[in-house]
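Quick note: numbers below take in every heavy atom, side chains included, and nothing from hydrogens, waters or symmetry partners.
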Amino acid sequence: MADDLFAVPRLAAVYDALEPAVRDDLEPYAAMVTEFGAERVLDVGCGTGELACLLARRGVEVIGVDPAAASLEVAKGKEFADRVRWLHGDATTLPPLEVDLAVMTGNVAQVFLTEEEWAATVAGIRAALKPGGRFVFETRDPAYRAWEQWAEWTRESTYREVVLPSGETVANWGELTRVELPYVSFRGTYVFSSDGAEITSDSTLWFRARDEVSLDGFEVEEVRDAPDRPGMEFVFVARKL
């Protein structure tokens with residue numbers, strides 16, 4: 001199940017406006033597509049399609065899959081979206097594919113909250129890769145203890161207002177709601193100026209140490225640092241066995 005932030009049409013439509021104008025987190029993945037010579041890429045949990053459309057712009061064949069139909073509708077409206085194959089579902093529902101590289105950006109690898117869910121996802125990605133294909137994804141390093149910073153999230157400390165292209169304003173803030181390690185939960189609240197509608201979205205992330213990330217059927221070639229978030233993330237580069 002996707003969080004409401006991605007699955008509720010009204011929230012999915014404002015997601016990009018609430019993100020930084022320059023997505024520094026995506027360029028390292030685009031660079032790895034070039035590094036590994038990948039011609040066909042599977043973007044798992046593609047969301048509103050920023051990375052998929054960026055790669056399509058550069059001539060890469062891209063398949064984007066996401067369980068949130070509302071996010072996919074936003075993605076389909078972007079420039080170069082017509083060059084992407086969009087799939088509604090997840091890694092366990094993929095049709096037969098043979099891609100060079102599968103990527104999973106942002107917090108996607110942490111939304112699977114059991115070993116069974118994660119193992120099924122890994123198996124689905126492995127099946128979609130050609131022999132020797134790579135799976136690249138990131139997950140937050142629990143040693144950084146991000147939740148201790150998030151504990152200071154309150155309406156007052158995180159409140160912001162963003163003017164949408166339509167002219168409407170949306171107010172947004174975040175709050176940490178629960179820490180029961182290895183799980184950390186938080187809530188985003190969104191209030192729309194046009195009608196005063198208030199919508200919340202709850203998220204839970206699974207924090208795992210480097211040696212706790214299982215990857216059956218893969219060989220981990222290396223674990224990199226995230227260039228835009230040094231010391232905060234593990235970036236796994238795994239090759240299909």
Side-chain angles (χ1 to χ4, degrees), residues 23-47 50-52 54-55 60-67 87 89-94 96-147 181-184 203-241:
R23 291 291 302 275
D24 293 335
D25 59 317
L26 300 182
E27 191 55 44
Y29 284 90
M32 281 188 279
V33 170
T34 301
E35 176 186 349
F36 299 135
E39 298 179 352
R40 196 173 197 213
V41 175
L42 172 65
D43 185 0
V44 180
C46 64
E50 282 293 294
L51 178 60
L54 170 65
L55 296 177
V60 179
E61 183 180 350
V62 188
I63 301 99
V65 60
D66 200 279
L87 299 175
D90 58 36
T92 69
T93 63
L94 293 169
L97 298 173
E98 194 169 75
V99 300
D100 305 302
L101 176 68
V103 298
M104 189 183 282
T105 64
N107 294 326
V108 174
Q110 292 181 257
V111 304
F112 308 99
L113 302 182
T114 67
E115 283 288 356
E116 291 75 18
E117 289 180 356
W118 175 246
T121 298
V122 170
I125 290 171
R126 185 179 185 279
L129 286 166
K130 72 177 188 180
R134 290 181 174 87
F135 174 30
V136 177
F137 65 95
E138 64 186 73
T139 183
R140 294 173 183 265
D141 181 355
Y144 183 73
R145 302 183 69 83
W147 54 87
L181 296 178
Y183 304 109
V184 178
S203 303
T204 298
L205 300 180
W206 183 17
F207 283 76
R208 290 169 287 175
R210 174 173 169 170
D211 61 359
E212 293 175 332
V213 179
S214 59
L215 286 164
D216 290 344
F218 286 89
E219 174 190 8
V220 176
E221 293 185 317
E222 60 179 313
V223 179
R224 304 180 179 184
D225 203 7
D228 60 312
R229 286 156 289 173
M232 299 170 60
E233 305 265 353
F234 300 126
V235 180
F236 282 80
V237 179
R239 182 188 288 271
K240 176 179 176 177
L241 294 174

Query - Beyond-backbone contact of Val213 with Val220, side-chain heavy atoms, under 4.5 angstrom - result: no
Query raised in the report: Does atom OH of Tyr183 have more than 12 heavy-atom neighbours from other groups under 6.0 Å away?
Result: yes
Query raised in the report: Is the closest side-chain heavy-atom distance between Arg145 and Phe207 below 4.5 Å?
Result: no
Query raised in the report: Quick one: CG on Asp43 to CD on Glu50, what's the gap to the nearest 0.5 Å?
Result: 11.0 Å
Query raised in the report: Which residue pairs satisfy the salt bridge (Lys or Arg N to Asp or Glu O under 4.0 Å) criterion with at least one member in residues 208-219, sequence neighbours excluded?
Result: none
Query raised in the report: Given side chains that start at C-beta, do those of Phe135 and Leu215 come closer than 4.5 Å, heavy atoms only?
Result: yes
Query raised in the report: What distance separates Arg140 CZ from Glu233 CD, expressed to the nearest 0.5 Å?
Result: 5.5 Å
Report summary line: Heavy atoms of Asp141 and Gly231 approach each other most closely as OD2-O, 4.3 Å
Query - Flag, side chain of Asp225 to backbone of Pro230, donor-acceptor distance under 3.5 Å - result: no
Query raised in the report: Is the number of heavy atoms from other residues, nucleotides or ligands within 6.0 Å of CD (Glu39) greater than 12?
Result: no
Query raised in the report: When rounded to the nearest 0.5 angstrom, what distance separates CD in Glu27 from CE in Met32?
Result: 10.5 Å
Query raised in the report: CG of Leu55 to CG of Leu101: how many Å apart, nearest 0.5 Å?
Result: 9.0 Å
Report summary line: Shortest non-hydrogen pair, Gly64 vs Cys46, comes out as C-SG, 3.6 Å
Requested in this report: Under the side-chain contact (heavy atoms from CB on, under 4.5 Å) rule, what do Tyr29 and Leu54 come out as? Steps first, then yes or no, please.
Outcome: CA-CA 10 Å; Tyr29 284 90; Leu54 170 65; over 6 Å; no
Query raised in the report: Quick one: does Ile63's side chain get under 4.5 Å of Leu87's, heavy atoms only?
Result: yes
Report task. State, yes or no, whether a side-chain contact exists between Thr139 and Phe236 at a heavy-atom distance under 4.5 Å. Result -> yes
Query raised in the report: Val111 versus Leu205: any side-chain heavy-atom pair under 4.5 Å?
Result: yes
Pairs of donor and acceptor atoms involving the side chains of residues 116-132, under 3.5 Å and at least two apart or interchain, shall be tabulated with distances.
unit_1 : atom_1 : unit_2 : atom_2 : d
Glu117 : OE1    : Leu113 : N      : 2.9
Trp118 : NE1    : Ser214 : O      : 2.7
Thr121 : OG1    : Glu117 : O      : 3.0
Arg126 : NE     : Gly217 : O      : 3.0
Arg126 : NH2    : Leu241 : O      : 2.6
Lys130 : NZ     : Asp100 : OD1    : 2.8

Requested in this report: For Val103 and Leu51, work out which heavy atoms get closest and say how close.
Outcome: CG2-CD2, 3.9 Å
Requested in this report: Please answer whether the main-chain N or O of Phe234 pairs with a side-chain N or O of Glu138 as donor and acceptor at a distance below 3.5 Å.
Outcome: no
Query raised in the report: Rounded to the nearest 0.5 Å, what separation is found between the CZ atom of Phe137 and the CD atom of Gln110?
Result: 10.0 Å
Report task. Test Trp147 against Leu181 for side-chain contact (heavy atoms from CB on, under 4.5 Å), laying out the working first. Result -> CA-CA 10 Å; Trp147 54 87; Leu181 296 178; 3.7 Å; yes
